[in-house]
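A note on names: the letters A, B, ... follow the listed sequences, proteins ahead of strands, and every chain is numbered from 1.
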Amino acid sequence: MSRSAERRIALVETGDAHIAVELDAEGTELGRRTLARDDAHVWIASVEETSSPRWVIRSAREAYPRLLHAGARLGRTHDLVLCHAILRDTALLAEPLAASRLWMPTTTEVEQPTLFDALIAETEHDPVDEVLQQYRAQLRALSSAPDGRLALLCAAESAGGLVAEEMRAGGLPWDAVTHDRILVDTLGERRMGGVPARMAELAQSVRTELGDEQVNLDSQQKLLRALHRVGVLAESTSRWELAEFDHPAVAPLLAYKKLARLLSANGWTWLADWVQDGRFRPVYIPGGVVTGRWASAGGGALQLPRMLRPAVRADPGWRLIVADVAQLEPRMLAAMARDEAMAQAARGSDLYAGVVESGAVATREEAKYAVLGAMYGATTGDSGRLVPRLRKVYPKAMRLVDDAARTGEDGGVVSTWLGRSSPKPPPAWLAMQAAASGADATAAVVREAQRRARDRGRFTRNFIVQGTAAEWSLIWLAEIRHRLRALPAAATPATASGPFAQAAHLAFFLHDEVILHVPAESAEHAADAVREAAAVATERLFGSFPLDVPLDLRVAETAEK
DNA sequence: AGAAGTTGCGCG
DNA sequence: AAAGCGCGCAACTTCT
């Protein structure tokens with residue numbers, strides 16, 4: 001469908017109603033209607049079915065949960081809050097979108113009203129006018145772009161906003177019984193008013209070996225002092241440092257710390273707080289990371305521990321599709337830099353094996369550290385030592401990241417493939433650099449400024465790669481979602497009610513991995529959808545440049561790795 | 001007593 | 001084993 005043929009409808013929530021405003025391609029109003037809050041979803045669903053418009057909304061985060069709950073799904077949106085952040089900061093536009101506090105994400109905390117807010121309140125506009133004005137401003141910004149990249153990014157980001165809410169509504173199927181069994185098997189029997197049995201035994205062993213029956217193992221300071229008393233002269237209580245010491249307290253201590261971590265991060269309290277009706281529902285925050293990666297709030301969705309993956313279990317009659325991309329970031333780098341040699345190494349499922357084949361390094365481990373070091377800016381250690389070898393074999397790719405690093409060191413801004421730009425350095429950073437370049441700068445100030453400049457360089461170096469990988473993933477998600485909507489309703493309903501009780505849905509997303517929850521009879525079609533979506537994402541970003549982005553995909557009952 | 005900062009861990 | 005990017009969270013410690 002061509003863009004101009006696309007129907008656009010702004011959907012604005014007012015106190016007790018929704019106003020739907022029909023728009024043309026420039027955002028000019030063609031007509032409007034008022035919908036009572038309680039049955040807006042009926043009209044929306046019918047319009048969705050007959051003409052699948054692009055809905056212009058303030059924010060999916062704010063508006064979509066209620067619609068989903070009422071039974072209306074939105075196909076495509078333009079999310080003004082998400083797109084405002086992109087168009088405001090992008091370096092691709094000579095004249096970026098004007099920043100406005102009105103279009104920042106609303107925070108949940110109640111903030112003290114500022115003078116600025118008071119000013120806004122005084123001059124408050126009609127909410128419909130505000131939406132239309134902002135949309136027109138964003139359309140103007142997009143029409144001044146040199147190519148379609150920012151428009152693609154805005155569309156993908158908006159789709160991400162929908163996916164995030166739909167994933168929360170659908171939830172990740174979570175088997176509390178399996179989770180509990182893992183906890184008991186690992187931590188020992190749960191005991192009222194104390195730590196679980198096995199943890200208690202380990203703690204006892206540690207205290208005995210330390211000759212201190214009282215020491216609190218969860219206090220770094222007290223633990224460190226106790227260790228020093230028995231001759232373990234570690235500087236911190238971190239795992240890798242303790243492992244260096246040969247003392248009988250070390251082994252049980254490391255085991256205890258591992259269990260303590262599981263208990264506090266994903267123990268019974270977490271299970272009770274975050275799993276209801278057999279679903280884990282974290283809050284996803286699209287664009288929550290400066291690079292464009294998603295953040296999460298609550299539930300620790302960014303740290304789903306490997307150990308607990310067996311608790312991710314499909315409902316009866318349903319399956320999980322578990323898919324991830326191996327080495328997404330270096331693949332993105334190869335294509336961004338149009339580095340044919342690196343793309344050649346990326347042919348097939350293991351990029352690191354390809355790097356070894358190219359002769360740059362001898363082993364797969366070396367390849368891994370060299371490639372990670374190139375993207376992260378390692379300068380010392382094994383990783384730093386290997387990076388120069390990549391410069392010989394992949395000069396184009398290395399020039400791209402090296403240039404990004406230099407731009408950052410100089411205080412500049414870099415952009416991802418689709419045009420999301422890094423934040424400008426903060427005033428304190430600029431002040432430090434200015435101070436260091438003054439005639440009276442001390443050696444210490446100069447040294448510190450150089451260190452901070454290198455920090456900045458490593459950030460911008462990584463930004464372009466991490467951010468472009470996030471863009472690939474966004475398109476992947478959007479294309480998966482699009483294809484899932486065509487699948488038939490489930491033969492067996494899911495165990496949890498809600499908008500996805502009978503529909504295949506995205507259930508989890510983490511940077512380069514997705515988990516889908518799908519009716520068993522649709523599993524193969526859903527798997528195909530995930531594969532097709534990956535191919536489309538690569539093609540949308542890089543056109544005909546030959547880049548492999550292979551998936552590790554399986555259809556299973558659990559998400560076990 | 002509660003806010004703010006630090007440490008350590010686990011995820012990509 | 002490493003020490004290079006990006007996160008969230010819990011528990012402890014220090015500050016107010």
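Checking B/dC9, C/dC12, C/dG4 against every side-chain atom of A/Asp218, the shortest atom distance belongs to C/dC12. Closest approach to the A/Val289 side chain among C/dG6, C/dT13, C/dC12 is made by C/dG6 (side chain taken as heavy atoms from C-beta onward). Set against C/dG4, C/dG6, C/dA1, the side chain of A/Arg458 has C/dG4 as its closest nucleotide. Between C/dG4, B/dC11, C/dC5, one nucleotide has an atom nearer to the side chain of A/Thr380 than all others, and that is C/dG4.
Ring geometry for A/Phe459 against A/Phe463 counts as perpendicular: the plane angle is over 60°, on a 0 to 90° scale with 30° as the lower cut. Ring geometry for A/His517 against A/His505 counts as perpendicular: the plane angle is over 60°, on a 0 to 90° scale with 30° as the lower cut.
Side-chain N/O atoms of A/Glu213 and A/Gln204 include a donor and acceptor closer than 3.5 Å.
Checking C/dG4 for Watson-Crick or G-U wobble geometry (two distances, each under 3.5 Å) identifies no partner in any strand.
The side chain of A/Arg293 places no N or O atom within less than 4.0 Å of a non-bridging phosphate oxygen (OP1 or OP2) of C/dC7. Proximity of A/Thr237 to the phosphate of B/dT7: no side-chain N or O atom is located under 4.0 Å from OP1 or OP2. OP1 or OP2 of C/dT13 has at least one side-chain nitrogen or oxygen of A/Ser219 nearer than 4.0 Å. In this model, the phosphate group of C/dA11 is not approached by any side-chain N or O of A/Arg261 to a distance below 4.0 Å at OP1 or OP2.
Atom NZ in A/Lys561 sits about 9 Å away from atom C1' in B/dG12, given to the nearest Å. A/Gln303 has its CD atom 10 Å from the P atom of B/dG10, to the nearest Å. Computed from coordinates, the A/Gln220 CD to B/dG8 P distance equals 5 Å when rounded to whole Å. As a whole-Å value, the separation of A/Asp455 CG from C/dG6 P is 9 Å.
Between the side chain of A/Glu244 and the base of C/dA1, no donor-acceptor pair under 3.5 Å is found.
In this structure, A/Arg149 satisfies the cation-pi test against A/Trp417, with its NZ or CZ atom closer than 6.0 Å to the six-membered ring centre and inside 45 degrees of the ring normal.
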